[in-house]
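Every chain is numbered from 1 and lettered A, B, ... according to where its sequence line falls, protein lines coming before strand lines.
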Amino acid sequence: MSSRKLVSTTYCRQIPQAIMNSLYWTQSNPTHLSQPFLAKPPSVLATNIIKSYFERGQVDEARMLFDEMPDRDVVAWTVMISGNTSCNFYRRAWIIFCEMLRDYTDVEPNEYTFSSALKACKSMKSQFCGSLVHGLVLKYGMHGSMYVENALLDLYATCCETMEEACLLFQEINAKNAVSWTTLIAGYTHHGDAYGALRAFRQMLLEAAELNPFSISIAVKACASIGSNILGKQVHAAVVKHGFESNIPVMNSMLDLYCRSNRLTEADQCFQEMAEKDSITWNTLIAGYEKSHPNESLNIYSRMELEGFSPNTFTFTTILAAVGNLAVLTSGEQVHAEIIRRGLQGNLEVGNAQIDMYAKCGNIMSSRKVFDEMYSKDLVSWTSMMIGYGSHGGGKEAVELFDEMVKSGIVPDQIVFMAVLNACSHAGLVDEGLKYFKTMVDEYKLSPEQETYGCVVDLLGRSGRIEEAYELIQRMPFSPDESIWGAFLGACKTHKHQVLGKLAGSKVLEMRQDIATYVTLSNFYAADGKWGEFARTRRLMRRLGNKKETGRSWLELQNQIYCFVAGDKLGSHIEWVYQVLGMLIHHIKDVGYVPDLDCSVHDLEAGT
DNA sequence: TTAGGGTTAG
């Protein structure tokens with residue numbers, strides 16, 4: 001291709017800056033003033049343009065120009081590999097690497113090519129492809145390159161089941177630099193081993209390796225996942241000492257640390273003190289408030305938009321969770337509309353969050369609509385839908401969905417089994433649930449954890465099969481925790497099983513002293529006429545003080561949320577609340593509800 | 001005179 005053709009091609013017109021970077025007008029010769037002069041060979045110019053295309057995400061244009069190049073050197077090939085990877089087209093990058101090796105034997109890969117190819121393998125999470133490249137690295141004698149070594153380390157740290165291979169490789173690196181250390185630490189956090197990450201970080205400091213924003217961010221992340229205040233404070237001191245307070249990723253990690261340990265005052269202070277913020281900063285703060293103060297989460301979201309930051313898929317998944325916690329359907333629908341307006345409705349995580357939000361807001365039909373319209377679904381999508389059905393009493397639908405999921409080729413995990421067990425429990429599908437529990441153990445070889453046993457105890461107990469539930473508790477391979485006894489106590493209470501109920505109540509109190517359990521246990525004694533035991537239990541309960549958090553209910557009326565507690569007489573709109581409550585009681589009595597006065601008879605002291 | 005490695009929010 002001639003330089004003239006290249007410059008006149010339509011693709012180039014879209015990127016004048018790239019051309020301008022590669023051309024200049026010769027000042028020394030006035031006769032050439034009006035003639036553009038190519039300062040670089042055509043292949044260099046074309047490679048520059050290809051790079052510009054990738055920077056703008058124009059992958060197809062890059063490929064078309066690359067195909068037009070008559071002489072494609074190793075640099076052009078490497079740009080194609082790294083460019084596709086940076087645009088998230090990892091497989092294309094890999095295919096191009098293979099194409100180069102197979103069809104263009106005159107082009108020899110160098111250390112740049114190998115590090116780019118290794119990054120593509122890492123992004124594909126393909127240890128297999130990475131190992132092939134590793135073999136070629138050795139064959140071509142490129143294993144001495146720092147870049148190649150670090151890229152290999154990253155590959156093994158990300159793709160292998162354990163950190164064993166990465167550690168071996170790390171030990172073999174002679175000149176470990178900051179990137180090597182960061183890659184190792186990031187590998188540990190990737191595997192969920194925060195203590196391993198912090199051990200590596202400590203070792204890095206002991207060996208006086210250069211501390212930079214990358215390594216400190218990842219160390220802060222490790223502290224955040226442990227929730228360690230002391231370590232977090234030490235790292236914050238290191239941040240200040242090294243002057244990283246103006247580094248956005250570092251400060252985002254610090255903000256996340258405070259949010260995760262629920263130190264929201266410090267999080268706010270950290271946020272306010274940040275001179276520069278990005279969308280991650282805002283999303284981190286929104287997520288920090290999501291569980292404990294969902295309303296505040298929505299306020300921060302509004303401020304984010306006012307201050308000119310666009311919400312992204314991360315923002316919306318968090319906001320949808322906040323809306324779900326508040327159970328305000330109209331807000332959820334508004335957020336849904338905003339997601340569509342911004343063209344983000346195709347995102348998997350956003351779809352999953354919408355399923356959950358609609359179910360929590362009471363609209364299971366909309367959950368199903370989102371689920372059915374998703375372009376692709378993952379295990380989380382199916383699980384969210386089943387949890388939704390479970391909470392709406394749709395055991396049959398959950399079971400059908402589970403079978404459909406397995407047919408579609410998705411392998412269930414323990415969480416989805418818990419979802420289906422829970423749905424069966426609430427719909428009274430006891431034998432169906434037991435069948436799935438057996439499938440989980442026999443067919444999928446999953447060892448049930450405490451929580452899963454808790455689901456089965458609940459499944460049996462809720463339906464009145466108290467003895468069977470108790471036998472299961474005794475057969476468990478570990479000693480039952482508080483949640484198991486709690487589920488069993490609930491069943492004993494419902495089915496008025498005095499003997500086992502008293503046992504369960506005592507077991508729960510051994511592990512967790514709470515008012516509700518004392519009330520239930522004392523009521524068992526009262527029902528049995530054991531007034532001495534009743535009084536003793538109540539005395540113990542009083543020692544705790546009234547620590548039980550007040551149960552609150554709320555109603556949404558004319559775009560306002562009205563929050564109230566039992567016996568509430570305050571508030572100007574309380575009459576509305578009682579009117580709505582009266583209607584609700586009327587409706588539920590119509591469908592056969594009989595109020596359970598069993599607790600309230602002996603429950604005057606608890607103030608519930 | 002074009003190409004390569006590690007960080008932060010679901």
> A:W77 and A:F66: ring pair (Phe, Tyr, Trp, His ring centres under 6.0 Å), yes or no, with the steps?
Replying inline: CA-CA 9 Å; A:W77 281 98; A:F66 180 71; 4.9 Å; yes

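Out of B:dA3, B:dG5, B:dG6, the shortest distance to the side chain of A:M146 is found at B:dG5. Side-chain proximity of A:A178 to B:dG6, B:dA3, B:dT8: nearest is B:dG6. Picking from B:dG10, B:dA3, B:dT7 the nucleotide with the shortest atom distance to the side chain of A:S82 gives B:dA3. Comparing B:dA9, B:dT7, B:dG6 by their nearest atom to the side chain of A:V179 picks out B:dG6. Side-chain atoms of A:N150 lie closest to B:dG5 of the nucleotides B:dT8, B:dA3, B:dG5. Residue A:V44 places its side chain closer to B:dT1 than to any other of B:dT8, B:dT1, B:dA3. Residue A:F314 has its side chain nearest to B:dG10 when only B:dG10, B:dG6, B:dT2 are considered. Taking only side-chain atoms of A:I280, from C-beta outward, the nucleotide of B:dA9, B:dT7, B:dG4 with the closest atom is B:dA9. The listed nucleotides are B:dT8, B:dA3, B:dA9; the one nearest the side chain of A:S279 is B:dA9. Relative to the side chain of A:S145, the nucleotides B:dG5, B:dG4, B:dA3 differ in distance, and B:dG4 lies closest.
On a pure distance criterion of 3.5 Å, a polar donor-acceptor pair joins the side chain of A:N212 and the base of B:dG6. Counting atom types as modelled, A:T182 pairs a side-chain N or O with a base atom of B:dG6 as donor and acceptor under 3.5 Å. Residue-to-nucleotide contacts include a donor-acceptor pair under 3.5 Å from the side chain of A:N252 to the base of B:dT8. Contact of A:N177 with B:dG5 (side chain to base): a donor-acceptor pair of N or O atoms is detected under 3.5 Å. With hydrogens and angles left out, the side chain of A:T313 and the base of B:dG10 share a donor-acceptor pair within 3.5 Å.
Computed from coordinates, the A:Y112 OH to B:dT1 P distance equals 13 Å when rounded to whole Å. Rounding to whole angstrom units, CE of residue A:M80 and P of B:dG4 are separated by 14 Å. Taking atom CZ on A:F214 and atom C1' on B:dT7, their separation rounds to 6 Å, with Å as the unit. In this structure, A:L257 atom CG and B:dT7 atom C1' are separated by 15 Å, rounded to whole Å. One atom, CD of A:Q354, and another, C1' of B:dG10, lie 14 Å apart when rounded to the nearest Å. Rounding to whole angstrom units, CD1 of residue A:I173 and P of B:dG5 are separated by 15 Å. Straight-line distance from the CG atom of A:L344 to the P atom of B:dA9: 19 Å, rounded to whole Å. Rounded to a whole Å, the OH atom of A:Y258 is 19 Å from the P atom of B:dT8.
Rounding to the nearest 0.5 Å places CE of A:M100 at 6.0 Å from CD1 of A:I81. Atom CG of A:L401 and atom CE of A:M385 lie 6.5 Å apart (nearest 0.5 Å).
Within the 4.0 angstrom heavy-atom criterion, base atoms lie near A:N347. No engagement by A:N247 is indicated, since no non-hydrogen atom pair under 4.0 Å with the nucleic acid exists. Residue contacts shown for A:T318 are absent, as no nucleic acid heavy atom lies under 4.0 Å away.
For B:dG5, one of the phosphate oxygens OP1 or OP2 lies less than 4.0 angstrom from a side-chain nitrogen or oxygen of A:K119. The phosphate of B:dT2 (OP1 or OP2) has no side-chain N or O of A:R72 nearer than 4.0 angstrom.
In terms of the side-chain contact (heavy atoms from CB on, under 4.5 Å) criterion, residue partners of A:S297 (sequence neighbours excluded) are, by chain and number, A:I286, A:Y289, A:E290, A:A322. Residues satisfying the side-chain contact (heavy atoms from CB on, under 4.5 Å) test with A:S384, not counting sequence neighbours, are A:I355, A:V380.
Here A:Y147 does not count as stacked on B:dG5, because the ring centres are not under 5.5 angstrom apart with planes under 30°.
Aromatic ring centres of A:W181 and A:F170: separated by under 6.0 Å.
Between A:W382 and A:F371, the ring planes lie perpendicular to each other; the angle is over 60°, past the 30° to 60° tilted range.
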